[in-house]
Amino acid sequence: MFTTLWEQRKTSYDFVVIGSGYGGAITAARLASAKLSPKPSVCILERGKERWPGNLRFPDTLDGVMDEFRSEANPLGLYELLNYADITVVKGCGLGGTSLINANVAATPDAEVFEQADWPQALRWENLRPFYDRARQTLGAGPDPRAWTFPKVQAMDRRAQQLGKHAFPLDLAINFTASGVNEYGVPRRPCRGCGDCTTGCNHFSKNTLYMNYLPMARNAGAQIFTEKKVDWIEKAPDGGWHVHGHHTEDGGSFTLQAANVILAAGSIHSTELLMRSQVHGLSLSPAAGTRFSCNGDFFGLAYNGDFRTQVTGFGNHPESPAAQYLPGPAIVSAIHYDGALPASQRFQIEDLTIPSAYAAAARRVFPTLPPTAAAAGGGAAASQRIQRDLDPGVAYDPDGALNHTMFYLVMGIDDARGRMVFDSSQHETDGALRVVWDDAGRQGVYDRLNEELQLHARALGAGYIASPLWSFLEMRHLITAHPIGGCPMGENYERGAVDESGRVFAGDGRVHDGLFVADGAVIPTSIGVNPFLTISALAEHIAERKIHELGGAAYADPPIA
């Protein structure tokens with residue numbers, strides 16, 4: 001629907017945007033729509049395929065999900081797992097990036113986050129707030145009006161009340177009311193509350209980038225090319241940039257010319273691209289590859305408690321018995337822990353729904369996981385609930401153990417000391433970037449998060465099960481869906497890989513003319529909440545500043561270190 005035929009490409013563009021996630025889609029849309037003369041030519045290069053419910057359904061069975069894991073043998077897979085010694089990263093691959101499989105939470109960090117020393121002075125909350133508002137409005141984010149009818153939200157509030165608080169409905173990039181074609185020409189329908197947001201929405205309800213910024217870019221004249229993977233970039237002898245890549249489907253190579261290049265392939269891949277380009281001669285700041293963070297992500301289960309929670313998704317199967325018991329979107333509510341805590345110790349706990357593709361496996365696997373803390377309730381009723389789940393003849397049971405379970409996502413503030421190392425001796429086009437972060441999971445923040453989740457489980461009369469890779473044999477291995485950093489913003493080239501406008505620093509302290517990073521890679525610290533709205537706000541800021549420069553407002557020279 002949005003993809004341009006490769007034969008229609010130009011040999012040269014004013015802007016080549018690499019990646020179609022929040023950073024790439026937003027910068028492309030704003031630059032293509034800018035009222036400039038002459039109108040800039042813009043193209044997006046996306047390594048994944050174009051998929052949406054109208055042309056390629058998202059999987060909602062376990063076999064279907066397994067078939068969509070990205071690998072060398074399946075380079076167009078939707079789900080990508082990157083495994084490193086201390087951490088595993090979960091990403092999405094396709095037109096729209098991780099917006100295709102995230103939980104839609106449009107969260108705003110505490111203002112104190114931006115007052116940390118690693119953030120440039122120009123990016124304080126009062127400066128960034130208009131960009132957050134702009135992104136939230138374009139993404140159509142707001143709370144689910146049904147929030148308090150969902151048992152999992154009521155379960156969250158049980159623990160919140162013990163703390164003298166209440167759970168609160170989160171802003172979600174989901175359409176809850178409108179039907180028909182939206183202002184960008186894309187069909188939409190109200191959310192069914194099916195719970196399958198994180199495997200992919202098949203109902204035209206989730207406000208992925210496919211529903212807003214990408215059609216905005218296309219409608220303004222940007223060309224969008226999918227299944228095109230960029231390998232490295234280099235400065236052109238006469239100015240501008242050469243973008244070198246290959247076609248995912250057949251491996252054939254290509255080169256495009258660009259006056260400006262915007263890297264927006266995600267924290268891991270934008271950093272990898274810069275570091276591979278460094279092997280080809282591109283000068284970078286010593287801060288490139290530093291300050292990688294998993295945004296303090298942590299997971300846990302309050303298993304088989306005394307209260308029904310209804311956390312099983314039914315996806316694209318309205319005939320399923322589960323459809324009578326709406327779980328709601330993947331995440332609906334949260335408890336925010338701030339109060340008198342310093343910014344470095346704040347965190348947020350959110351509810352999670354188990355997508356339909358994983359429900360059957362979860363019913364069988366969860367009883368085999370040893371609880372860290374035993375249930376406060378339990379007894380014969382709890383054992384009976386487990387047996388109901390293990391009955392192979394029952395596809396769904398609202399009174400089973402799984403639907404008396406809470407699955408939590410927590411985000412805190414980690415030390416952001418992960419490093420990205422690129423091994424140039426290995427395969428040149430795919431590269432060998434790895435994340436090195438010794439004892440990442442042994443930071444004190446994770447013990448605090450683990451202890452609080454145990455108290456959540458106790459409030460529900462449930463057994464507590466910590467994230468298995470973190471707790472098993474004291475491995476302390478982390479899993480994150482929110483990789484950030486790697487090209488951190490900084491006041492100068494010694495403190496950041498890019499400046500506050502996303503311009504890439506060279507090793508001599510100057511900036512590379514026409515080279516930008518505009519995605520989660522630029523975030524220099526954990527932010528303690530879901531990061532996509534922050535990525536969106538920074539992309540809005542970077543695009544606006546570039547548009548002002550094209551209109552005659554020159555960038556300031558970078559400060560001397």
Side-chain angles (χ1 to χ4, degrees), residues 81-91 107 109-110 112-119 267-268 271 287 289-301 334-350 352 372-373 407-421 433-457 464-490 495 520-531 534:
L81 285 179
L82 301 172
N83 293 302
Y84 306 107
D86 290 271
I87 189 168
T88 295
V89 176
V90 182
K91 295 173 81 297
D110 293 336
E112 291 84 354
V113 165
F114 305 103
E115 295 173 6
Q116 298 175 86
D118 293 303
W119 283 85
S267 174
I268 302 284
T271 308
T290 66
R291 304 211 60 79
F292 176 80
S293 165
C294 68
N295 201 41
D297 278 7
F298 193 72
F299 298 87
L301 285 169
I335 304 173
H336 191 62
Y337 294 71
D338 49 7
L341 293 172
S344 62
Q345 295 180 23
R346 298 179 186 183
F347 59 96
Q348 183 158 296
I349 297 181
E350 299 173 356
L352 268 173
T372 304
F407 188 18
Y408 300 103
L409 167 63
V410 194
M411 287 146 292
I413 305 292
D414 62 43
D415 63 19
R417 292 184 180 175
R419 295 180 296 113
M420 295 181 178
V421 179
L433 183 139
R434 55 193 170 90
V435 173
V436 179
W437 196 357
D438 295 339
D439 293 331
R442 298 188 184 277
Q443 299 170 66
V445 59
Y446 296 110
D447 290 316
R448 292 195 297 272
L449 301 182
N450 191 53
E451 289 168 5
E452 176 56 25
L453 288 183
Q454 290 188 44
L455 296 174
H456 270 260
Y464 174 64
I465 301 172
S467 177
L469 288 178
W470 185 80
S471 59
F472 180 66
L473 298 178
E474 294 292 311
M475 290 174 63
R476 298 299 190 254
H477 188 91
L478 298 175
I479 301 173
T480 182
H482 301 138
I484 54 179
C487 301
M489 289 180 159
R495 297 182 61 183
V522 305
I523 299 177
T525 69
S526 291
I527 59 174
V529 296
N530 314 66
T534 296

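It should be emphasised that the depicted structure is a prediction, and the values quoted were computed from it without experimental measurement.
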For V89 against P483, the heavy-atom pair lying closest together:
CG1-CG, 3.6 Å
Taking only residues two or more places apart in sequence or in another chain, which ones pass side-chain hydrogen bond (donor to acceptor under 3.5 Å, both in side chains) with D447?
none
Heavy-atom pair with the smallest gap, counting every atom of P488 and A287:
CD-O, 3.8 Å
So, using ring pair (Phe, Tyr, Trp, His ring centres under 6.0 Å) as the criterion, who are the partners of H482 when residues are at least two apart?
none
Any residue meeting side chain to side chain contact (heavy atoms under 4.5 Å, CB included) with T372, in chain and number order, not counting sequence neighbours
Q454, Y464, A466
Sequence neighbours left out, what passes ring pair (Phe, Tyr, Trp, His ring centres under 6.0 Å) with Y84? Give chain and number order.
none
Donor-acceptor pair, distance only, cut-off 3.5 Å: does the side chain of E451 make one with the backbone of R448?
no
Less than 4.5 Å apart, side chain to side chain, heavy atoms only: is that true for F299 and L478?
no
Could you grab the distance from atom CD1 of I479 to atom CG of L409, nearest 0.5 Å is fine?
11.5 Å
Can you name the side-chain hydrogen bond (donor to acceptor under 3.5 Å, both in side chains) partners of T88, sequence neighbours left out?
N83, H477
So CD1 of I349 and CE of M411: to nearest 0.5 Å the spacing works out to 9.5 Å
In Å, rounded to the nearest 0.5 Å, how long is the span from CD1 of I484 to OG of S293?
4.0 Å
Among D118, D415, D414, which one satisfies salt bridge (Lys or Arg N to Asp or Glu O under 4.0 Å) with R291?
D118
Taken in chain and number order and not counting sequence neighbours, the residues that satisfy side chain to side chain contact (heavy atoms under 4.5 Å, CB included) with V421 are R419, R434, V436
Minimum heavy-atom separation for P109 to I527, with atom names?
CB-O, 3.8 Å
Partners of A481 by side chain to side chain contact (heavy atoms under 4.5 Å, CB included), sequence neighbours excluded?
D297
Gap between atom CG of L469 and atom CZ of R476 - 0.5 Å precision:
12.0 Å
State which residues pass ring pair (Phe, Tyr, Trp, His ring centres under 6.0 Å) with F347; sequence neighbours excluded, sorted by chain then number.
Y337
Nearest non-hydrogen partners of Y446 and G296, listed with the distance:
OH-CA, 3.5 Å
I need the minimum non-hydrogen distance between C294 and T480, along with the two atoms involved.
O-OG1, 3.1 Å
Atom pair OG1 (T290) and CZ (R417), whose distance is rounded to the nearest 0.5 Å:
12.0 Å
By ring pair (Phe, Tyr, Trp, His ring centres under 6.0 Å), which residues pair with Y408, not counting sequence neighbours?
H456
Closest contact, heavy atoms only, G528 versus Q348
O-CB, 3.7 Å
Are F298 and W470 close enough that their ring centres sit under 6.0 Å apart?
yes
Between the main-chain N or O of L449 and the side-chain N or O of E452, is there a donor-acceptor pair closer than 3.5 Å?
no
Partner residues of D86 under the side-chain hydrogen bond (donor to acceptor under 3.5 Å, both in side chains) criterion, sequence neighbours left out:
none
Which residues share a side chain to side chain contact (heavy atoms under 4.5 Å, CB included) with D338, sequence neighbours left out:
D110, K165, H336, R346
Counterpart residues, side-chain hydrogen bond (donor to acceptor under 3.5 Å, both in side chains), relative to S267 (two or more places apart):
none
